[in-house]
Every structure is written in C-alpha cells, then in structure tokens.
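What follows is a short report on a single structure.
Keep in mind the model is a prediction, meaning the values are calculated, not measured.
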Amino acid sequence: MEAPVEAPREGDDVLSPYRLPYDALLARSIGTTSVPVKFDWRRTNAQIAATGSYLVELNNFNGMRAGALVRVPSSGAILEFGVSYAESWDSPSSRLLALTPYRQAGHPDRLELDVAVGLPLAEGVVTTFPKVFPAMEMVFNAYAGLRYAVYPAAFDHLTPGEVLGALVAPSLSADEIDNLNDARLPAMQIDPGRYGLLVGLGDDLYFKSGFFLSPRWMLAVPLLEPVTHTELLVWTDLSLAAGVAF
Amino acid sequence: MNRWVIVAGLALGCRKAPLHDLGAAFTLADVSWFAEEETLFVFYELTAEQGLNAESVVEITWTTDDERMPWTALSALPSVHTHLPVNCGPDTRCGSASVPVAKEPRDVALRFRYHPDGELALGAATVFNVVGSGPPWSHRSLIAYGVLDEKNERIQWRARHQFPTVRNQRAEELGLRRAFTVRYPAFGTAPLATPDNPYGYGVTCPDTWTDAGFGEIGTSERAIFYPDPLPLGASTASTVCAQVTVTDATGTFTTGEIARKNPEVRPAFPVLRSPIRDTTHLPFFLGPCDRTISPEHEAMLRQRLQLGDLPTTCTDDWQTPGFVPGLVVRFREAVEAARPAGQDMVLVVALNQDERGVSAAVEEALALVVPEERHRTSPRLAGAFVLDSDIRGITVPELSPVTLWCPSTFYGDVTDASTRSCAIAPDNADLELGPFSFGTLPILPSRDQYLEFIDQYSVAQAGEVESLSFRAPEFAATADHVDFGAFGVVTFLNNEAISAEPDDAFSYCLTEDPEFVVARSALLAASDGYCEELGLPYDTCEAGILSLELLPDWHQYFAESSYDIGIAWDFPFLLNMRYEVVAAGSVTAFGFSVPFGIASSTQSYYGTEVWTDSTYSLGDELTQCDRFCDHPTFDSAGVYHVTDPFAATYAHNCYRPAYPEPGDSGSPLDP
C-alpha cells in the first residue's frame, strides 16, 4: 500500500509535491520484484538432487536414465558427481530390425557414473510465470563432463586381474561383450564404448528455500572415439535434476 | 583453425548409427539318413558376429516318395533320440536332431531363419549322406563295445556314434544322447572280433560261454561300468560277450557286443642290482731316491693322490732287468696283503720321473698285474690310477681298459678312459691384461705346467685335492664276463634272466638314461649267420648280446624261453675327486708380482659313469606282456585303440596306458 502523498501547501518549495519517501521510490523502481531473492548458491556446502534424462541416440533404441546427483560449489564453478541407472528398450523399428540379419549399435541396461563441471555464464534474479511461483535466482551454466558406463554382468567369469583391467579399459573386451549377449536387445549390437565425453548448457533455478531445478541439454562429442571405438558418435541427453541445496 | 577442426569432427560424427550384417554362416550342416534305423540325423553349427538371437531357428526340408516336408523348424519335429540343448558360445548356434523318416529322403536342405516372425533366412550348403542296409557294425549310427579296467575285473560298456561325416565325440558335443542297455554277459575265449568288425559289435555270443551273473544295466551316456567285478573264474577268459539293445525310429534293436581284456603287462625285469662298493687304495710313490727332481712337484703329487709321507719306491734302477719284476712283486704283495679285507682294490701310483723310459717300465709292470685281475670275483684288483709327471698316455693296449693314466693327451681317434678323463692341453695359456695376468691350472697337471704356474701365481693358487674315492662293482662268483677288449665288457652279474613264453610280447621304451643293460640270446650265440642277416656287430652277435631295443623283435620272431640280463661297461672303477680349484691372477709392477685368486670347490668323476648307480631300473624301459597280447589297449590319453594290438604296436613305443576307472565320467575320450 502506497503512503498518501501530502498536498503542497502555499509558500512551500515548488518541488514539494514531487517529493516521495525513499521506500516508496524503491518500491516503484523494482516493481513486481519488490522482494529480492538473495539465495547465494556459491555459499552452499552441497546440493543433492534426483535426476532423470532421456537419451536421444542416433539409433532405433529408446533410452532413459534415473539417478542421483551430488553438486559441490567450488571456485565459482560447480562440480557434479552422479550415478544413474540407464535402461534401453525396443522401439517399433528395432523390433522389426530384429527380424532381419542386421544389427545396430546400442547400449544394454547399465549403471552410469558422471563427473562434470559447470561454469556459470550468466546469473540473476528472475520472475516466474505464472506469478504464483516466487521469484528465483537463475544461473545459466556451461557443462563439460565424463560419463562412465558400468556393466556388472560383463564381469562374469573374469579373473580379478581381468576385471581390474576392464575397469580402466576405454572399450569393452570381447569377453565382456560375450557376457552381455543375453542383456542386449534382439536387434542390438553392443557398442564397445565405456567412456563418453559430453558438453552442454543448462539452467539452475534456485528458490529461496534452497530447492532447485536444473534442466540441461548435453551433447556427446566423439573425441574419445579413437580409443573407445564407439559407433554412437554424437547423441544428446535431455535431463532434469531436482534437489535441495544446503 | 582449431574451431574448424571441432566443427568438422562434430559434422562427421553426427550421423545415424549404421546397420551391420551379423555375418551368419553355417560351419556344419550335415544330415545323414540310416535305412536300418529309418532315422534322419541332423548336425549343425552356425557362427556369426555379435547378434544371434535366442528366437532364431534352424529349419529343414526334404522330400520322399510319400511326402514333401515344407521348411519346418527342427525343434518342431518329433525326435527319435535325446538331444540336449548345447551352448556353443554367444556367437555360435549348434545342435543336433534325429527325425523319424521312413523312406529315403532327397532334396534335404537346412537353413537358418533369423526370427520365426521374419521372412529372412540363411541357406546352408547341406551335406547329405545315405547309409543303406547292411551289417550293424558298419550300417548303424551307433555301435557298442566293452573295455575293462586296469585289473581286467570291471567292465565298462561303451557306445560309439558312427556317422559318415561327424565324429563320435563331436556328435556328443552337439547334444546327441543315445540310450542303450546291456544284459546277459558271459565270458569265454574266442576271437569274435574280425578285421572288418574290430569292435565286435553285432556278433553272436557263443551259448557255451559262462554266464557272468550280472543283471541288466543301461545309460543314455556313452559309457557305464558294471558295479561288480568279474568272478575269479573269468581270469583266463579273454572276452566277455553280452546282448545290447539300442533304440531307433523302428523301435529297438538287440545284438551282441564284446569286451576284450586288456593285455596283461608288467615290467620284464623291474630292477637290476649291481652292488657298487668303495675300494681300498693301494698307494705307491715311485721316484728317484738318489736325487730330487723338484720338491714342489713332488709335494704336489703327494697332495693330489693323498699320499702324505708314504715312503718312496725307488726307481733309480729302472734300467736294470730286475726293475719291472721287482715292481710287479711289490704290486702283487700289496694286493694280496689287502685282499683278506674283502674289498676290491685300486692301485694308486704317483710317478715322479724325468727320464724317458721310466713310465714305460711302470706300464710294463702294471700290465703284468692289473689286467689279469679284471674279471676275478671280488675281492679283486679293479684297476690302477697313475699320476705321471709328463703329459703322456697309455701305450700298452691291454692296460688301457683298466688304468687311468693322468695327465694324458689326445691320441687322435683313440678314446680310452685315460684320454676321456685326463687329457689336458700341453700349454696352459694365461690371459694378459696390462699388468694383470689370469690363469688356472688343471688339478692333475704335468710337472712343467705346475712349475710354470706356481712361478707366476704361487703354490697357494694351484688348488688342492680334498678327497679321493674309488668305487667299483662287486662281482659275484657266478658273474660271467664277455670281454670285447678295448670296447668294454658285458658282465652277467648273478644269473639275472627274463623268462618268456612264446606268445609273450615285449615293449621297449627309449629313456633318457644311458643304456648300460643288455640281453643275451642263447639262440643267437649258438647260431651262425644271424649276424649278417640282422646287421648286428659280429662280436656282439658271436657272444649272443642284444641291446634291449632289439629284444621285442627278437622274441617275436624266435620266441626264446629265457634271456640273460647283463651290464655293458668299459672301465672297471669310478674315481670321484673333490678338489679346490683357483682362478688365479697376479699383478706385476716395478718388478714385483703379487698373486691373488678366487678358490672354489668342485668335484670330478674319472672312469665310467656306469658305476654311479648300484641299481638300474628297467620298469619303464622294458615291459613284458604275458597274456592277451594280441588284444587292443589304451594309450596314455585313455583312448582305446581298437585296431592296435599290444604286440604289434608297442614293440618300440612306450606303453603308458590310462585305463578307465569306475567313477569316470560317462563320456570317455573316444575320437
């Protein structure tokens, strides 16, 4: 509620009618964001989030991921450590492909470990639509990350030494691929890539309470293909993380 | 620049994942039809790159005079026999099938359908065989036979797949299992197997054979043991015959089968013992008493032969006529004085001389004493060991088989024991490196070598003998020696002999150990002309000596009842010398030499290695079969070689059979 403006009296300064208290001026200048969001993500200790994503690979299989994410602000950037379960399933096209002698590269169900770093490119307080949602702080990040696929069934019948070797090898061995034969989809040829390099963009939307949303778009770049021998060179990951910063 | 590289890389990678042909191909597509069984057997194996699916099926089609079978999954057809699912690997599909087909099929073909709901299939170059009617051992897909364990007591009945293009074990690997039952086993002796039918499948069991008293036994694996052993009464029986029943598309088929006993084989002569004893040394130091040649060298001779302060036997009068007889008397007196102690003896003689002729005189004396004792019964003078002052050899031929004369030199092709054991080079070259020089001295050197060496490196660097021991065989009163002069002696120690029946068979196995043991054939010794026919050395033939290697063939042709066993040797004793040898060095500067050296202990053997062991194990070298020698048997891998009887196969091959045992798997190795 604005304070009533007192009418200038005779003999007063001609500017008197235009004088306003500072609070009133401040309220007018800020407008609808009159209550500033002062959430400082850099001062949080850690952020925990649940994450889910849809994998847009350039093959005929479908893939989704669900998992958890730990984020740690550091030196003006944010470090992320995640673990997800990724599941693949058939599309109508891949079902038809299974009737033929042809196969296409894909990934069977697996665990995925992610390490990423986010660099804020722009940030500020934004309003929302509809206005029933409170204003929030938005951070626009550029991301770069490494994704590591774990296939526990691939280690069946391997010696401890072979398992250790497989854990660091950039691509799946023939024995691992053989072990995964029962896990693949009928039209799938198991892609040997174990590591993936991703870059992308995303927003972090922080509410004053510490709750945050983080939608992002990640693009796999085939820089590691010479060592991973993956056939899925470029693909994207559309993800949304929701969590709490504290 | 870098920006464009990244853009280009992304552009290249931004493409759909390609499709790959999984590259399926048949590696086996064999079909056989057996008229006697009215059964069509199918064996297949298919490999691919990554991508074979569980839903994929193998289909077959054929045509007979009565029907045209459309493409049908093998799994959808009735099966005559059991076919286990086979895991051939993630990129391989394999298996087998047996389909009842009453009439001879034609246009038989296999194909691989990638998915039952799909239309695409991979055709196979199908191999099709027809086995018509005929004897069961050659015209049926399964034959049965029996084998016995090591003791010839327990019978293992076996089945063997018999397909035109697929081997027995391969058929099993592809999942085929055949049930068979055996009953009415009886034992007896008759040659039921024939060259055409080596397994004896399909024979008629004689009614006169003795019932073994076993019940029915059966399995769907390839082998099964009877739980009970054959009765003792079956010991002399060579064969067990039984009725075996197998199944096929027509129902069951029953016929006879046999199990032949294994050849009964044992070591022909497990161990030949020749007691080897330490001998008594009879020491002599021969040298001039009126003068001293070299005190350092004399000390070395005494040290080397461990003579201590033994009085010198004077050789000053070596040119007199009575020198040699006198020396002979001394030697014989020493021998006779030691003989009552009961041990064999060796004359140990140090010869300190610097005149031509002394050594020859000593040789002459030894030749009158040592050879005549060579073949006497123990205790005897086994031989002599002489350490001379010069590098010389033995010049009296009859002395060389019984005397070590050191140091010796090489005599061209002559290689008596002295030459082999004591030959040294006349010059002992040093290695010179600036002020340093390095050298070693043979432990039994000549005087010149020794004196030159100690002048350069000192006596301390010349090494020393720590011990001497002589070992010689103890000859029994019954020992029989066959002397081949310079070539050695064969001694038949104590009437050791191998007795054999005419139908026995021997197996000789070449071993890494040196061959010292030989056999003697009375027939060969008594017969003329065999040597020329057999290409054997005349001397050994004359004495009837055979190497063990020839014994299997000799017995096969001549079937003697007994063969003496003896040891071939070429020298009567073995000298073991332990000594310290020094790698000597010296450094010379300003006219002074300072010697130094590195000492190490070692030992050498002089004489012959025959006497290193007192037992000669012949168990692995010569084996003897005394029953069922014309029966087939097992090799070391456990494979039953049905067409290889022991007598003909193992005469010159090592016989190391691996027999089946109760508790073995039902899948014996039977390629």
Item to check | Test item: A:Ser93 side-chain N/O and A:Asn60 main-chain N/O as donor-acceptor pair under 3.5 Å | outcome: no
Checklist entry - Do the numbers put B:Arg111 on top of the ring of B:Trp71, so that NZ or CZ is under 6.0 Å from the six-membered ring centre and no more than 45° off the axis? => result yes
Checklist entry - Looking at B:Asp91, B:Leu52, B:Asp117, B:Leu122, which makes the most heavy-atom pairs under 4.5 Å with chain A? => result B:Leu52
Item to check | Pairs of heavy atoms under 4.5 Å with chain B: top-ranked of A:Met188, A:Arg103, A:Glu225, A:Arg184 | outcome: A:Arg103
Checklist outcome for this item: Of B:His115, B:Gln50, B:Glu49, the largest count of non-hydrogen pairs under 4.5 angstrom with chain A goes to B:Gln50
Item to check | Parallel, tilted or perpendicular, as decided by the 30° and 60° cut-offs, for the rings of B:Phe163 and B:Phe43 | outcome: perpendicular
Checklist entry - Relative to A:Tyr85, does A:Arg110 satisfy both conditions: NZ or CZ under 6.0 angstrom from the six-membered ring centre, and within 45 degrees of the ring's axis? => result no
Checklist entry - Under a 4.5 Å heavy-atom cutoff, which of A:Leu97, A:Ile177, A:Asn59, A:Ile190 has the most pairs with chain B? => result A:Ile190
